[in-house]
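All chains are named by letter (A, B, ...) in the order of the sequence lines, taking the proteins before the strands, and each is independently numbered beginning at 1.
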Amino acid sequence: MLTVRNLNKSFGETKVLQGIDLQVNKGEVVAVIGPSGSGKTTMLRCVSFLEKADEGTLDFVCDEGGADEKTETYDLHRASAHEIRQLRSHMGFVFQSFNLFRNKTALGNVTEGLTVGHRMDKALARKKAEECLARVGLSERADYYPDELSGGQQQRVAIARALALEPDIILLDEPTSALDPELTGEVLDTVLKLAKEGTTMLVVTHEMGFAREAADRIIFMEGGSVVEEGTPAQIFDSPKEERTREFLSGMIRP
Amino acid sequence: MSERLVGILLSSFTKILIPGIKVTIPLTILSFAVSLVLGLILALVQVMRIRVLKEIAFIYIWIFRGTPLIVQLFIIFFGLPGLGIMIDAFPAAVLAFGLNLAAYNAEVFRSAIEAIPAGQTEAAYMVGLNYPQTLFHIVLPQAFKIAFPSLFNNLISLLKDTSLASSITVVELFTSAQQIAARTYEPFALYCEAALIYLVFSTLLTWLQGYLESKLVWRSHDNTNVTAKGRKKPMVGI
């Protein structure tokens with residue numbers, strides 16, 4: 001579905017990403033964990049072109065297993081605006097800080113991309129958006145503005161907004177980091193539900209319990225490199241690398 | 001107060017008020033319209049970082065904010081004819097006030113646009129909006145709401161600044177007061193009367209601002225009036 005090769009990125013003198021290779025298969029949930037400043041978020045932003053990488057390629061299989069299956073290769077440094085738009089139409093993104101459109105209702109947030117971005121018929125878009133809000137359990141909040149919703153509800157609207165475009169993959173950047181502890185549960189449950197429905201996802205997270213439960217594969221990053229990857233059991237129960245062990249012992253308290 | 005003074009004040013009232021309504025108010029509205037359109041364009045070329053135009057906008061704002069309004073008025077009305085460009089007093093005043101205030105409104109628009117978190121723009125890109133769509137559907141509606149009080153503030157300033165048009169022969173509210181004061185030798189009473197009428201106009205504008213702001217807040221509201229947390233609905237989009 002998505003293969004990243006040799007992703008490099010520096011901010012000034014600081015090398016943030018050093019030759020990242022990464023693969024996500026269709027239907028798979030991959031969780032990226034690691035200490036703050038390890039480049040997890042930057043990696044996600046480079047893959048979606050919100051940040052311009054210095055070097056790297058991305059192979060992306062659109063509509064894998066479908067009638068229109070097609071593999072595109074993108075240069076993460078040099079892709080054209082047209083290519084970027086085309087890739088993004090297959091990709092959903094959920095931000096740490098939700099980034100809902102504050103001048104739109106929950107429903108408006110979900111339909112905006114459909115009607116304005118993809119010129120879908122208004123009635124059709126509304127129906128689609130209502131379905132997506134129902135999937136995240138927010139049908140009753142369709143007419144509420146972001147300011148009137150709790151953080152957890154806002155993030156679920158953001159997930160519905162990403163779902164509406166029927167992306168091949170959803171990238172989630174620390175979806176619960178900006179939430180009060182009592183609100184993280186509802187968002188994680190929503191993501192977990194999508195995982196069970198077979199949604200392909202690449203999730204950067206600090207929630208180890210969630211990563212273990214939701215992910216098919218865990219990638220541990222530190223200092224801009226992938227240190228270790230494996231199944232949740234391999235990473236959490238018998239990590240091979242010393243640094244992984246150190247990180248996890250700090251994160252998970254007995 | 002002498003009977004004569006009362007008579008002067010009463011008879012002059014409509015003679016000042018009518019030019020106020022017929023000249024000062026249209027002058028204010030037209031100049032403000034020019035300043036809004038031009039101000040928005042100047043702000044957009046800056047936030048969109050359009051080459052050359054961005055520099056032109058910067059220089060424009062630098063000049064129009066950095067020189068006195070009355071000097072700009074004089075250059076347009078008395079100066080341009082020297083270059084063969086003749087403009088009547090009223091349109092010259094509209095032009096001078098509009099061009100001047102555009103520089104201020106440009107800064108109001110620019111700062112309001114920059115106040116919208118970049119994350120919303122990124123989110124818009126990710127759901128397939130292009131830059132103009134993001135600007136017109138997401139950024140500008142919110143920026144306009146932020147800019148609104150400052151724009152109105154500038155409108156009230158403009159209303160009073162139009163009295164400067166008296167110096168280029170436009171017969172507006174203040175000119176009329178000047179003429180009657182010169183004829184009757186009662187400058188104190190007449191100028192106070194003019195001041196009072198300006199005060200009434202600006203008070204009306206202040207009320208209008210309050211009304212429009214409340215519209216801006218409630219306009220797109222639906223059935224519910226209570227938030228998830230049980231509060232009254234806070235500000236919403238337009």
Side-chain angles (χ1 to χ4, degrees), chain A residues 45 48-51 81-82 84-120 138 140-154 158 161-165 167 170-171 173, chain B residues 48-51 109 112-149 212-238:
Chain A
R45 290 175 61 83
S48 52
F49 290 100
L50 290 173
E51 210 79 65
H82 173 75
I84 293 172
R85 258 176 85 81
Q86 196 230 354
L87 171 72
R88 282 174 176 166
S89 68
H90 297 280
M91 191 181 258
F93 200 103
V94 174
F95 297 84
Q96 183 179 346
S97 50
F98 332 137
N99 294 345
L100 291 186
F101 310 133
R102 307 194 85 81
N103 60 326
K104 306 274 173 196
T105 59
L107 190 78
N109 265 276
V110 184
T111 53
E112 189 70 13
L114 298 171
T115 55
V116 179
H118 292 89
R119 313 210 170 285
M120 188 191 269
L138 281 175
E140 274 122 61
R141 293 283 184 267
D143 295 329
Y144 282 55
Y145 286 85
D147 286 349
E148 301 159 334
L149 299 170
S150 71
Q153 290 170 337
Q154 288 191 49
R161 177 171 69 180
L163 283 173
L165 297 156
I170 301 181
L171 312 183
D173 180 18
Chain B
M48 291 167 82
R49 301 200 184 88
I50 302 172
R51 264 168 297 169
F109 279 126
I113 291 168
E114 286 171 355
I116 309 303
Q120 289 187 47
T121 303
E122 291 183 348
Y125 291 166
M126 288 310 303
V127 295
L129 272 63
N130 58 27
Y131 186 73
Q133 289 169 337
T134 305
L135 203 58
F136 286 101
H137 290 265
I138 308 300
V139 177
L140 286 182
Q142 295 179 69
F144 182 70
K145 206 170 89 176
I146 294 174
F148 191 81
L212 289 177
E213 277 183 26
S214 72
K215 281 282 161 196
L216 218 55
V217 171
W218 294 100
R219 209 168 113 193
S220 52
H221 264 210
D222 291 301
N223 39 21
T224 45
N225 264 319
V226 179
T227 69
K229 291 170 188 153
R231 280 185 280 116
K232 267 230 142 195
K233 273 200 170 186
M235 306 226 292
V236 294
I238 45 174

First locate atom CG of A:Leu50, then atom CE of B:Met126, and finally report the distance between them rounded to the nearest 0.5 Å. 5.5 Å
Mind listing the closest non-hydrogen atom pair of A:Arg88 and B:Tyr125 along with its distance? NH1-CB, 3.4 Å
Contacts of residues 131-139 of chain B with chain A (heavy atom under 4.5 Å): B:Gln133, B:His137, B:Ile138
Applying salt bridge (Lys or Arg N to Asp or Glu O under 4.0 Å), can you list everything that pairs with A:Arg45, at least two apart in sequence or on another chain? A:Glu51, B:Glu122
What pairs with B:Glu114 under salt bridge (Lys or Arg N to Asp or Glu O under 4.0 Å), at least two apart in sequence or on another chain? B:Arg110
Residue pairs, two or more places apart or on separate chains, that pass salt bridge (Lys or Arg N to Asp or Glu O under 4.0 Å) and touch residues 130-140 of chain B: none
Atom of B:Ala123, atom of A:Asn99 and distance for their closest heavy-atom approach: CB-O, 3.5 Å
So for B:Ala124, is it side chain, backbone, both, or neither that comes closer than 4.5 Å to the heavy atoms of chain A? both
Which one wins on heavy-atom pair count under 4.5 Å against chain B: A:His118, A:Glu112, A:Met91? A:Glu112
Measure A:Phe95 against the heavy atoms of chain B and call it side chain, backbone, both or neither at under 4.5 Å. side chain
What part of A:Leu100 gets closer than 4.5 Å to chain B, counting heavy atoms only: side chain, backbone, both or neither? backbone
Contact part of A:Ser48 toward chain B, heavy-atom cut-off under 4.5 Å: side chain, backbone, both or neither? both
For B:Phe144 and A:Asn103, run side chain to side chain contact (heavy atoms under 4.5 Å, CB included): C-alpha distance rounded to whole Å, both residues' side-chain angles, the deciding distance at 0.1 Å, then the answer. CA-CA 11 Å; B:Phe144 182 70; A:Asn103 60 326; over 6 Å; no
